[in-house]
Protein chains: 2
Amino acid sequence: MLIPENKQFDIWSDELTIPILALDIVIFTIYMGELCVIVSKVEENSISWYSIPGWIVAKWFDLEKNFDDILKRKTWIEWVYKEQLYTFWDPKRDPRGHVVAVCYYALVQVDSFLTKVDFTKVDILKYSQIDKTKLFYDHAKIIHYAKQRLEWKLEYTNIAAQILPEKFKMSQLQWVYEIITGKKYDKRNFQKKVFSLGILQETWELDKSTNRPAKLYQFLEKDIQIVEKNSFV
Amino acid sequence: MLIPENKQFDIWSDELTIPILALDIVIFTIYMGELCVIVSKVEENSISWYSIPGWIVAKWFDLEKNFDDILKRKTWIEWVYKEQLYTFWDPKRDPRGHVVAVCYYALVQVDSFLTKVDFTKVDILKYSQIDKTKLFYDHAKIIHYAKQRLEWKLEYTNIAAQILPEKFKMSQLQWVYEIITGKKYDKRNFQKKVFSLGILQETWELDKSTNRPAKLYQFLEKDIQIVEKNSFV
DNA sequence: GCAAAAGTGTTTGGTCTACACCCATGA
DNA sequence: TCATGGGTGTAGACCAAACACTTTTGC
């Protein structure tokens, strides 16, 4: 059941002396070999805008409930990995009023939502080709911030597990890194590094979709964890 | 001028369908050779409690104004380094209502506030000796989270500059690391590491307060910046 | 048989770690 | 002259980077 919409009190009223709280979500996926962001489409005076999914948060409902609710209402996605990103609260960020946005970013495997989403209301934007002028408010800034965090997390956690299918080829794992960081890695060094972290498990299955079959791997631990600590001294 | 208190509308009313937003601050300092947290003292039914400084945020005022205001009202401190930590929003975290707390942590040099603070209202707690049962709500959790973030930031930024005086001995810098991380470092290796980062500048001044005079250093760049990048591959 | 992606080691340079003694000064 | 903290170098282990050819399969 979704949280009922509640209109008892006009939250935009000037009488109200506290800011309004919203929850906004940057949803990343890898689609067509690129890092993409899933956004809501909004038509306004026959101009089309994009907006990251978000909503005014409901009182007394906890984060999980608010989050799942927003996600389902806006994108029909039911489950994703999520992490709190930052809380943006410039009084001028939303022209309707003083809206403080607690922002999250989320990762999904593209297969898990392509069949469920209503593409008349939702769009997939390539991160590298985002047109800032078509995004609401400060959403371009939020997306940029989320991308930085994601890139950073790739380096010292197993977060890639959240955007890959259960079993994957080594080359797919390497692509995730290359797509998100925009760098190229050497195949041999990449493998050595990943193996040395001890986070992967061979499966004895093969992927036969390409010419020479490839070994499939899976993460030992799918939940996110820190995999590399560089102590200061 | 402080933000005027505004009582026009009862924000605790059940009529209000949105959560209340608060700003809470974990203030760290190094005092008496230990990592300490500056807290507000609260007497309630002749039991003394501690609380991290915080306040309901005022609408239409931006973060800087809200932050400085809260800090000055509660601790008489006028300027600190600050960084957003996390937004806590469990509906049950505050018994008075659904309060979402945007938390910051801040670093101060102890000399900068000792003479200004009213110690009947504020206290300095040693981090290692904090009694969780004497802290309000989830404040112990917030402090713990802030400590983790601080430790983490020490490793890859010049954040230590924020807690040290302008000019300092190498041994003082090493103490900051040892106090915050709880580890011991080798003097020679510590120096080599710090020098290799290229963030310090020798001054030609000496500290003569100890037996053998010590060279004083300063950070080339006092503003916080990332000083170490460990690329994934 | 050829195109396409998978698989596989070695060398070199740099960084991290462990470790111990002398120095300059004030008391 | 002695107690205190300041200052300094080297050797071995480990890790990161650069680099190219062979293998397996489908077409």
Side-chain angles (χ1 to χ4, degrees), chain A residues 30 32-33 151-152 154-156 160 164-165 167-179 181-218 226-233, chain B residues 30 32-34 151 154-156 160 164-165 167-179 181-218 226-233:
Chain A
I30 287 182
M32 305 296 275
E151 210 174 311
W152 189 236
L154 260 195
E155 290 207 352
Y156 65 93
L164 282 165
K167 292 166 187 175
F168 49 86
K169 299 185 284 183
M170 186 57 71
S171 59
Q172 287 177 292
L173 180 60
Q174 190 173 334
W175 290 336
V176 169
Y177 277 85
E178 291 182 340
I179 289 165
T181 65
K183 292 176 201 150
K184 289 281 168 197
Y185 300 112
D186 176 86
K187 237 187 332 179
R188 284 165 292 188
N189 292 339
F190 185 86
Q191 285 211 10
K192 262 180 289 181
K193 175 75 178 197
V194 171
F195 286 145
S196 78
L197 295 175
I199 54 175
L200 288 191
Q201 197 170 36
E202 280 188 49
T203 69
W204 296 100
E205 295 169 56
L206 294 173
D207 174 325
K208 300 197 174 174
S209 63
T210 53
N211 297 352
R212 175 170 175 176
K215 267 186 227 166
L216 288 171
Y217 297 89
Q218 59 190 353
I226 293 167
V227 293
E228 192 182 18
K229 285 176 224 151
N230 297 295
S231 65
F232 180 78
V233 174
Chain B
I30 287 181
M32 305 294 276
E34 285 208 46
E151 210 174 312
L154 261 195
E155 290 206 351
Y156 65 92
L164 282 165
K167 292 167 186 174
F168 49 86
K169 297 185 287 182
M170 186 57 72
S171 60
Q172 287 178 292
L173 180 60
Q174 189 173 336
W175 289 336
V176 169
Y177 277 85
E178 292 183 340
I179 289 165
T181 65
K183 292 177 201 148
K184 288 281 167 196
Y185 301 112
D186 176 87
K187 238 185 333 179
R188 283 165 293 189
N189 292 340
F190 184 85
Q191 285 211 10
K192 262 180 290 180
K193 175 74 177 198
V194 172
F195 287 144
S196 77
L197 296 174
I199 54 176
L200 287 193
Q201 198 170 34
E202 280 189 49
T203 69
W204 296 101
E205 296 170 54
L206 295 174
D207 174 323
K208 300 196 174 172
S209 63
T210 53
N211 297 350
R212 174 170 175 175
K215 267 187 228 165
L216 288 171
Y217 297 89
Q218 59 190 352
I226 292 166
V227 292
E228 192 183 18
K229 286 178 222 149
N230 298 296
S231 66
F232 180 77
V233 174

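Here is how names work: the chains are called A, B, and so on, in the same order as the sequence lines, proteins then strands, and each is numbered from 1.
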Taking the minimum atom-to-atom distance to the side chain of [X], which one of [options] wins?
{"X": "A:Lys215", "options": "D:dT8, C:dT8, D:dG5", "answer": "C:dT8"}
{"X": "A:Pro213", "options": "D:dT25, C:dA20, D:dA16", "answer": "D:dT25"}
{"X": "B:Arg188", "options": "D:dT8, C:dA6, C:dC16", "answer": "D:dT8"}
{"X": "A:Arg212", "options": "D:dG7, C:dG9, C:dA5", "answer": "C:dA5"}
{"X": "B:Asn189", "options": "D:dA17, C:dG7, C:dT17", "answer": "C:dT17"}

**Request:** Examine distances only and state if a side-chain atom of A:Glu178 and a backbone atom of A:Tyr185 form a donor-acceptor pair shorter than 3.5 Å.
**Result:** yes
**Prompt:** Is the ring centre of B:Phe168 less than 6.0 Å from the ring centre of B:Tyr217?
**Reply:**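 No; B:Tyr217 has its ring centre 6.0 Å or more from that of B:Phe168.
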Measure the distance from [atom1] on [X] to [atom2] on [N] and round it to the nearest whole Å.
{"X": "A:Asp207", "N": "D:dG26", "atom1": "CG", "atom2": "C1'", "value": "14 Å"}
{"X": "A:Leu173", "N": "C:dG7", "atom1": "CG", "atom2": "P", "value": "13 Å"}
{"X": "A:Lys193", "N": "C:dG9", "atom1": "NZ", "atom2": "P", "value": "21 Å"}
{"X": "A:Leu200", "N": "C:dG7", "atom1": "CG", "atom2": "P", "value": "13 Å"}
{"X": "B:Leu206", "N": "D:dG5", "atom1": "CG", "atom2": "C1'", "value": "14 Å"}
{"X": "B:Lys208", "N": "D:dG6", "atom1": "NZ", "atom2": "P", "value": "15 Å"}

**Asked** Below 4.0 angstrom from OP1 or OP2 of D:dG6, is there any side-chain N or O of B:Lys169?
**Response** yes
**Asked** Phosphate oxygens OP1/OP2 of C:dA6: is one of them under 4.0 Å from a side-chain N or O of A:Ser171?
**Response** yes
**Of B:Gln172 and B:Lys192, the one whose closest DNA chain D nucleotide lies more 5'** = B:Gln172
**Prompt:** Which is true for B:Ser196 with a 4.0 Å heavy-atom rule: it touches a base, it touches only sugar-phosphate, or it touches nothing?
**Reply:**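 If one applies the 4.0 Å heavy-atom cut-off, B:Ser196 turns out to touch nothing in the nucleic acid.
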**Asked** A:Lys187 or A:Asn211: which one's nearest nucleotide on DNA chain C is closer to the 5' end?
**Response**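 Comparing both residues, the 5'-ward one is A:Asn211.
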**Prompt:** Are any of the side-chain nitrogens in B:Glu205 or B:Lys167 under 4.0 Å away from the carboxylate oxygens of its partner?
**Reply:**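 A salt bridge links B:Glu205 with B:Lys167.
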